Structures are given as C-alpha cells and as structure tokens.
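All remarks here apply to the structure that follows.
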Amino acid sequence: QVQLVESGGGLVQAGGSLRLSCVASGRTFSKYVMGWFRQAPGKEREFVGRISWSGGRIYYADSVKGRFTITVDNAKNTVYLQMNSLKPEDTAVYYCAAGSTPYYSSSYYPNYWGQGTQVTVSS
C-alpha cells in the first residue's frame with residue numbers, strides 16, 4: 001500500500017504563490033507515477049499534473065501550464081506542487097495521488113489519495 005501526506009495549503013492573494021508538499025511512504029510507493037488533482041465545491045475533481053519519481057512523464061493541465069511546476073525529491077520521498085501567479089479560480093482542495101499512466105497518453109489513473117489540503121486564492 002501507499003500512504004500520502006500533504007501539507008502547504010493556505011490563503012493567498014491573487015498573483016501570489018504557494019508550494020504544496022506530498023510525502024509518500026509504503027512498500028511500493030516508488031512504483032507509481034505521482035499526480036496532483038484539485039476539487040472545488042460542487043465541482044468534479046480535476047487533474048492538475050503528474051510526474052514520475054525519476055522526474056519524467058511530466059504533464060500539466062492546460063489551466064495551470066506555465067504557472068504550476070511539479071518536482072520530486074527522492075531523498076525525502078516528497079512530491080511538490082509549486083503554484084505561481086495564482087488566480088481565484090485555482091481555489092480548491094488539492095489532492096496528491098499515486099497512480100499510473102499509459103505511455104504516449106495524457107490519461108492518468110490514480111490508485112491512492114492523500115487527505116487533501118485547502119488552497120484559497122482571494123481577489
């Protein structure tokens with residue numbers, strides 16, 4: 001199994017930045033591609049981006065491309081989501097995930113989830 005623990009959420013003004021962290025543990029966590037999702041109230045959970053533990057397989061949703069950056073630190077078993085130029089529409093609960101994705105595909109299939117962390121962007 002895989003356990004994911006998130007941190008770093010908070011309140012920020014539009015145009016500001018936040019960095020979310022996701023610490024992974026468990027016997028097989030390194031076998032998975034890591035992803036970030038977000039869910040606003042009354043909305044479906046949506047894909048934000050993904051990355052492998054080697055730093056490859058990177059893909060971002062169009063809504064965050066150029067503003068958000070996903071990185072990994074293998075020494076700390078941690079995945080980061082650096083969020084810059086934040087907009088009010090970025091307000092959501094952000095979730096870390098461990099899953100898989102086919103090669104040559106934008107699809108991502110989560111198997112495990114973190115608890116979520118609230119990000120609120122004020123105007």
Side-chain angles (χ1 to χ4, degrees):
Q1 62 179 6
V2 175
Q3 296 83 43
L4 306 171
V5 180
E6 299 161 324
S7 62
L11 175 64
V12 64
Q13 290 186 324
S17 298
L18 282 174
R19 189 179 74 163
L20 307 182
S21 300
C22 173
V23 179
S25 62
R27 184 175 61 86
T28 62
F29 78 88
S30 63
K31 304 294 185 182
Y32 291 90
V33 175
M34 305 302 295
W36 286 97
F37 289 75
R38 65 186 183 184
Q39 188 168 22
K43 303 292 184 180
E44 295 292 320
R45 190 170 297 186
E46 65 174 342
F47 172 78
V48 173
R50 73 180 192 217
I51 192 171
S52 74
W53 286 104
S54 66
R57 311 298 305 278
I58 294 176
Y59 188 81
Y60 298 101
D62 288 341
S63 59
V64 306
K65 193 174 298 182
R67 300 187 298 121
F68 291 11
T69 303
I70 300 175
T71 57
V72 296
D73 185 341
N74 285 296
K76 298 180 179 179
N77 298 336
T78 300
V79 180
Y80 301 97
L81 180 65
Q82 178 67 48
M83 304 183 294
N84 299 325
S85 301
L86 282 163
K87 306 173 181 179
E89 51 262 44
D90 295 319
T91 296
V93 177
Y94 283 70
Y95 297 91
C96 180
S100 62
T101 183
Y103 285 96
Y104 311 110
S105 175
S106 61
S107 299
Y108 182 76
Y109 303 99
N111 291 74
Y112 301 93
W113 296 96
Q115 80 284 357
T117 184
Q118 177 71 48
V119 173
T120 302
V121 184
S122 65
S123 59

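Being a predicted model, the structure only gives us computed values, none of them experimental.
In this structure, Y108 belongs to a hydrophobic cluster whose other members, linked by side-chain heavy atoms under 4.5 Å apart, are V33, F37, F47, Y59, V93, Y95, W113.
Side-chain contact annotation: D73 with T78, donor-acceptor N/O pair under 3.5 Å absent.
Among all heavy-atom pairs drawn from P102 and R57, the shortest one is O-NH2, 2.8 Å. The heavy-atom pair separating R50 from S107 by the smallest distance is NH1-O, 3.3 Å. S17 and S85 make their closest contact through OG-N, 4.3 Å (heavy atoms, listed as atom of the first residue, atom of the second, distance). Nearest heavy atoms, A14 versus P88: CB-CD, 4.1 Å. Of all non-hydrogen atoms in Y112 and Q1, the two that sit nearest each other are OH-CA, 3.7 Å.
Identified under the side chain to side chain donor-acceptor pair (under 3.5 Å) test for residues 21-35, with sequence neighbours left out: Q3-S25. Within the structure, every pair that satisfies the disulfide bond (SG atoms under 2.5 Å apart) test and touches residues 13-84, not counting sequence neighbours, is listed here: C22-C96.
Between W36 and V64, every side-chain heavy-atom pair lies at or beyond the 4.5 Å cut-off. T101 is not listed as a side-chain neighbour of Y109, based on a closest heavy-atom distance of 4.5 Å or more.
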task: Any chance you could lay out the side chain to side chain contact (heavy atoms under 4.5 Å, CB included) test for L4 and V23, step after step, and finish with the verdict?
output: CA-CA 6 Å; L4 306 171; V23 179; over 6 Å; no

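Within the model, atoms CD1 of I51 and OH of Y80 stand 12.0 Å from one another, a figure rounded to the nearest 0.5 Å. To the nearest 0.5 angstrom, E46 atom CD is 4.5 Å from R38 atom CZ. Atoms OG1 and OH, from T117 and Y94 in turn, are 10.5 Å apart once rounded to the nearest 0.5 Å. With rounding to the nearest 0.5 angstrom, the CG atom of L18 is 8.5 Å from the CD atom of Q82.
The six-membered or imidazole ring of W53 lies near that of F29, with a centre-to-centre distance under 6.0 Å.
For NZ of K76, the number of neighbouring non-hydrogen atoms (other residues, nucleotides, ligands) closer than 6.0 Å is 12 at most.
When the side chains of ILVMFWY residues are joined at heavy-atom separations under 4.5 Å, either directly or via intervening members, M83 and V12 end up in a single hydrophobic cluster. Note on V5: it does not cluster hydrophobically with V79, by side-chain heavy-atom contacts below 4.5 Å among ILVMFWY residues. Hydrophobic cluster membership differs between L81 and L11, with clusters built from Ile, Leu, Val, Met, Phe, Trp and Tyr side chains linked at under 4.5 angstrom.
Residues D90 and K87 are not paired through a salt bridge, judged by the lack of any N-O separation under 4.0 Å between the basic side chain and the carboxylate.
Between the T91 side chain and the T120 main chain, no donor and acceptor come within less than 3.5 Å of each other.
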